[in-house]
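Read through the structure below, which is laid out as structure tokens, and then see the notes.
Keep in mind that what you see is a predicted model, and the values were worked out from it rather than measured.
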Number of protein chains: 4
Amino acid sequence: MFKCEGFRRRRKAERPGEILDAAFEAFAERGYAATRLEDVAARAGVTKGTIYVYFPTKEKLFEDMVRSHSAGLLSDADTLVAGIEGASGEKLRSLLHFLYGRCVEDRRGREILRFMIAEGKNFPQLVAEHYRDFVVPLLSMVSALLEQGVATGQFRADLCRETVRIVIAPTLFLGVLRLIFGDAPPVDEEAYVDAHIDLTLNGLLANPLGA
Amino acid sequence: MFKCEGFRRRRKAERPGEILDAAFEAFAERGYAATRLEDVAARAGVTKGTIYVYFPTKEKLFEDMVRSHSAGLLSDADTLVAGIEGASGEKLRSLLHFLYGRCVEDRRGREILRFMIAEGKNFPQLVAEHYRDFVVPLLSMVSALLEQGVATGQFRADLCRETVRIVIAPTLFLGVLRLIFGDAPPVDEEAYVDAHIDLTLNGLLANPLGA
Amino acid sequence: MFKCEGFRRRRKAERPGEILDAAFEAFAERGYAATRLEDVAARAGVTKGTIYVYFPTKEKLFEDMVRSHSAGLLSDADTLVAGIEGASGEKLRSLLHFLYGRCVEDRRGREILRFMIAEGKNFPQLVAEHYRDFVVPLLSMVSALLEQGVATGQFRADLCRETVRIVIAPTLFLGVLRLIFGDAPPVDEEAYVDAHIDLTLNGLLANPLGA
Amino acid sequence: MFKCEGFRRRRKAERPGEILDAAFEAFAERGYAATRLEDVAARAGVTKGTIYVYFPTKEKLFEDMVRSHSAGLLSDADTLVAGIEGASGEKLRSLLHFLYGRCVEDRRGREILRFMIAEGKNFPQLVAEHYRDFVVPLLSMVSALLEQGVATGQFRADLCRETVRIVIAPTLFLGVLRLIFGDAPPVDEEAYVDAHIDLTLNGLLANPLGA
DNA sequence: CATGAATGAGACTTCATTCAT
DNA sequence: AATGAATGAAGTCTCATTCAT
């Protein structure tokens with residue numbers, strides 16, 4: 001009996017998370033407006049009413065879902081960068097690989113990007129948070145890495161502030177391609193990543209191509 | 001009197017275009033599902049029923065709108081590239097500037113990109129057409145330019161097929177940034193474009209940095 | 001040229017009739033409410049607007065159509081009956097055959113019956129006219145025939161007023177069957193008519209009338 | 001309190017039936033196409049949305065309504081016929097009275113007939129079911145009765161298969177008259193029924209069968 | 001007379017939200 | 001907490017009717 005209670009209690013504690021997961025799938029598949037709360041409920045294995053126990057409106061459910069799924073996307077990036085030994089080029093390579101993992105391979109990251117593009121206009125608060133919690137940290141991370149490379153003479157000294165965005169642009173753009181063309185976009189992703197790093201480094205290095 | 005006749009006829013001929021323009025604005029602003037046909041009608045200065053004189057369903061209206069607005073995005077790109085004199089680097093610079101104009105500055109181009117990302121899943125036909133009519137031509141254009149540069153020895157000989165996508169990625173990514181952050185994204189666009197071209201060229205040139 | 005004018009004029013004179021014919025087909029096929037004026041127009045080879053040149057409303061079109069198609073259903077019945085020589089039984093047989101022709105074989109007659117049943121509630125005037133112009137004359141015709149048979153001793157003397165309806169009931173009921181089950185109802189129509197006449201004249205009993 | 005619980009549950013169980021009843025009234029009054037779901041809802045004391053809790057479309061509501069109201073029209077006919085003592089003539093008289101009750105007096109029976117005639121074309125499945133569940137059983141019932149009468153020598157031996165339809169035709173035709181002319185048709189129904197039975201049993205001829 | 005573009009009321013249907021149980 | 005019946009506002013789409021040409 002109390003086994004059941006325990007089970008019940010555990011279920012109860014997990015309900016919000018299950019609903020958020022279901023909401024992610026549903027919203028990602030059809031978009032905010034076209035998603036019915038009943039779809040979310042069915043996916044979560046509950047009924048419509050239950051959603052309202054935890055989330056007051058559809059909008060709030062969407063916002064909480066985006067927050068819960070975008071949180072932690074960059075959580076271990078710092079330690080990753082810090083832990084890498086080697087030249088700045090190697091560090092950048094590692095960071096870009098990490099980024100590809102989080103923004104392209106990981107469905108969560110990709111779909112968050114879609115939410116920003118597709119629904120951002122109706123959820124400006126969400127965009128602001130995303131900028132603060134994801135864009136800014138990411139940019140400063142790459143920025144620091146570039147500056148370090150400049151300081152050590154491995155990178156050209158004349159890099160400007162926007163260079164950092166150029167460096168990561170192909171990464172996120174591959175995410176966009178996946179969003180548009182599905183899981184099998186007309187891209188050789190491995191070659192794409194190699195070309196990206198190669199082009200970026202040979203453009204960045206103070207003395208490229210062994211000159 | 002025949003002025004009136006002309007008036008009627010001219011209105012009739014212009015109606016579909018006016019509706020498509022209104023549809024573009026409305027769909028761009030709220031997304032497909034959240035847009036009410038009444039909004040489109042009001043913007044076009046007609047009533048709901050009038051839309052159905054020209055378009056059988058909301059879906060068809062959306063599709064025709066995307067087609068009409070994506071057509072011609074690349075129309076004069078060929079002549080542009082052909083008309084440019086100078087080194088391959090200069091040609092690429094011109095082409096990228098042209099692309100920035102069409103995919104970033106021009107609201108039409110940007111919003112088409114948003115439609116592909118946000119609604120593509122529900123309009124696969126549209127995505128296929130976009131790929132065929134926009135992506136493929138664009139890629140071969142850039143591709144031809146790169147190959148020409150390789151042939152003349154100005155570009156590195158070891159470029160791979162995906163390099164072409166890397167080259168244009170920052171362009172379209174700036175479009176994405178605008179889509180997310182509005183018309184005033186946290187980017188210095190002029191510096192961004194310069195950094196893009198600089199980074200790309202110095203990565204592409206066989207003997208960069210005057211070496 | 002005036003050949004064309006003549007053609008035009010002839011066409012013009014025929015237009016209302018063509019529209020009424022088209023209306024008959026359309027209303028018979030889908031019912032009053034479900035029929036679109038555009039269907040009628042298409043069938044008549046004109047446009048919606050033209051219908052309004054001749055008929056002020058959909059209701060009026062329907063009423064006029066029913067009137068034009070129910071008129072003359074009984075027109076030559078009198079002469080038919082008058083022209084028949086022979087016993088009353090033979091005369092009745094002829095009249096019933098005539099009725100089968102008009103109410104069962106003839107699609108017009110059948111569909112008028114359907115209109116009365118299906119739409120009569122919304123067109124009481126039409127029902128009243130139908131009663132006056134079709135039902136009453138038909139009943140008195142059969143009535144007269146029966147009375148004549150009684151007078152000559154060929155028919156039983158104890159027939160009541162309602163007998164006349166009983167006599168024609170199977171005729172119209174076959175029409176109903178056709179309306180319900182289409183042009184191939186589950187009935188052997190020839191045997192049905194024979195059985196009708198036989199039963200009407202002779203009855204079921206082996207030794208009728210207490211003989 | 002548990003009274004309230006019961007109240008909710010009982011309502012829930014009764015809702016579909018209430019809606020079907022309301023639908024019957026509404027569709028009978030105006031026909032399928034002209035009936036608005038809002039009319040049905042108002043009659044049932046609910047709102048439009050509630051109808052969709054139980055019936056997915058207007059079509060399905062109509063079909064289910066016809067089914068629910070045509071079911072049981074013939075349910076106790078067998079026992080009735082079986083329970084009647086007496087000559088075949090008496091049995092037939094009883095059966096016809098029963099039929100008059102079900103197809104003429106009972107509004108349900110009459111309106112089902114109207115639905116078949118008026119809407120059958122758009123609901124062929126419904127017509128097929130009606131034929132299978134009502135027409136066929138009715139015909140075999142009357143058929144058996146006639147054959148029994150023939151076997152006992154009370155009925156003529158030369159009856160054909162269609163005779164059975166002729167026998168019941170006036171019954172259903174009276175239903176049709178009521179459908180057309182309302183609850184007060186220009187018929188003396190009592191005399192009509194008597195004349196029907198009398199004529200069916202005895203026929204018109206003073207000296208039938210060539211006697 | 002004939003056209004057909006335009007209208008707008010109104011139909012069916014959906015779905016976020018509420019609330020008694 | 002969880003349910004799901006019920007709501008009603010709002011959306012897409014239809015179509016009888018009008019009217020400038």
Side-chain angles (χ1 to χ4, degrees), chain A residues 8-9 11-13 15 33-41 45-59 61, chain B residues 1-9 11-13 15-16 33-41 45-59 61, chain C residues 8-9 11-13 15 33-41 45-59 61, chain D residues 1-9 11-13 15-16 33-41 45-59 61:
Chain A
R8 266 272 187 105
R9 199 160 303 154
R11 292 285 304 179
K12 200 163 74 178
R15 274 281 147 74
T35 295
R36 293 173 297 154
L37 247 12
E38 196 159 4
D39 291 343
V40 176
V46 299
T47 58
K48 267 187 300 181
T50 304
I51 294 180
Y52 282 88
V53 173
Y54 300 100
F55 307 94
T57 65
K58 189 186 179 187
E59 285 192 15
L61 170 63
Chain B
M1 277 306 138
F2 49 79
K3 197 178 160 191
C4 275
E5 281 178 21
F7 176 72
R8 252 290 180 113
R9 199 159 304 156
R11 293 294 301 179
K12 151 73 174 152
R15 271 284 143 72
T35 295
R36 293 173 298 153
L37 249 8
E38 193 156 8
D39 291 344
V40 177
V46 299
T47 60
K48 272 182 297 179
T50 304
I51 294 179
Y52 285 89
V53 173
Y54 300 99
F55 307 95
T57 64
K58 188 186 179 187
E59 284 193 16
L61 170 64
Chain C
R8 265 274 187 108
R9 198 159 304 154
R11 292 284 306 180
K12 200 164 73 176
R15 274 279 148 77
T35 294
R36 291 173 298 153
L37 247 11
E38 195 157 7
D39 291 343
V40 176
V46 298
T47 57
K48 266 187 302 182
T50 305
I51 294 179
Y52 283 88
V53 174
Y54 300 100
F55 307 94
T57 64
K58 188 186 180 186
E59 285 192 16
L61 170 64
Chain D
M1 278 309 136
F2 48 79
K3 198 177 160 191
C4 276
E5 283 178 20
F7 176 71
R8 253 288 181 113
R9 200 160 302 155
R11 293 294 301 178
K12 151 72 175 152
R15 271 283 143 74
T35 294
R36 292 172 300 154
L37 248 9
E38 192 155 6
D39 292 344
V40 177
V46 298
T47 60
K48 271 183 297 180
T50 305
I51 294 178
Y52 284 88
V53 173
Y54 300 99
F55 307 94
T57 64
K58 188 185 180 186
E59 284 193 17
L61 170 64

Heavy atoms of D/P16 and D/Y54 approach each other most closely as CG-CD2, 3.6 Å
Residues passing the side-chain contact (heavy atoms from CB on, under 4.5 Å) test with D/E59, sequence neighbours excluded, are D/Y32, D/T57, D/F123
Its contact letters, B for base, S for sugar-phosphate only and - for none at protein heavy atoms under 4.0 Å, make nucleotides 9-15 of chain E read -BSSBBS
Rounded to whole Å, CD1 of A/I51 lies from P of F/dT3 at a distance of 10 Å
note: D/F55, atom CZ; F/dA6, atom C1'; distance rounded to Å ~ 15 Å
| said: Looking at C/Y54, I'd like to know whether one of its side-chain N or O atoms comes within less than 4.0 Å of OP1 or OP2 on E/dA2. | reply: yes
- prompt: Counting only side-chain N and O atoms of D/R15, is one of them less than 4.0 Å from OP1 or OP2 of F/dA6?
  reply: yes
Rounding to 0.5 Å, atoms CZ (B/R15) and CD1 (B/I51) come to a distance of 11.0 Å
Rounding to 0.5 Å, atoms NZ (A/K48) and CG (A/L37) come to a distance of 8.0 Å
Per atom distances to the B/V53 side chain, the nearest of F/dA2, F/dA6, E/dA6 is E/dA6
Of E/dA6, F/dA2, F/dA5, the nucleotide closest to the side chain of A/T50 is F/dA2
In DNA chain E, stems of three or more consecutive pairs, Watson-Crick or G-U, each with both distances under 3.5 Å, turn out to be E:2-21 with F:2-21
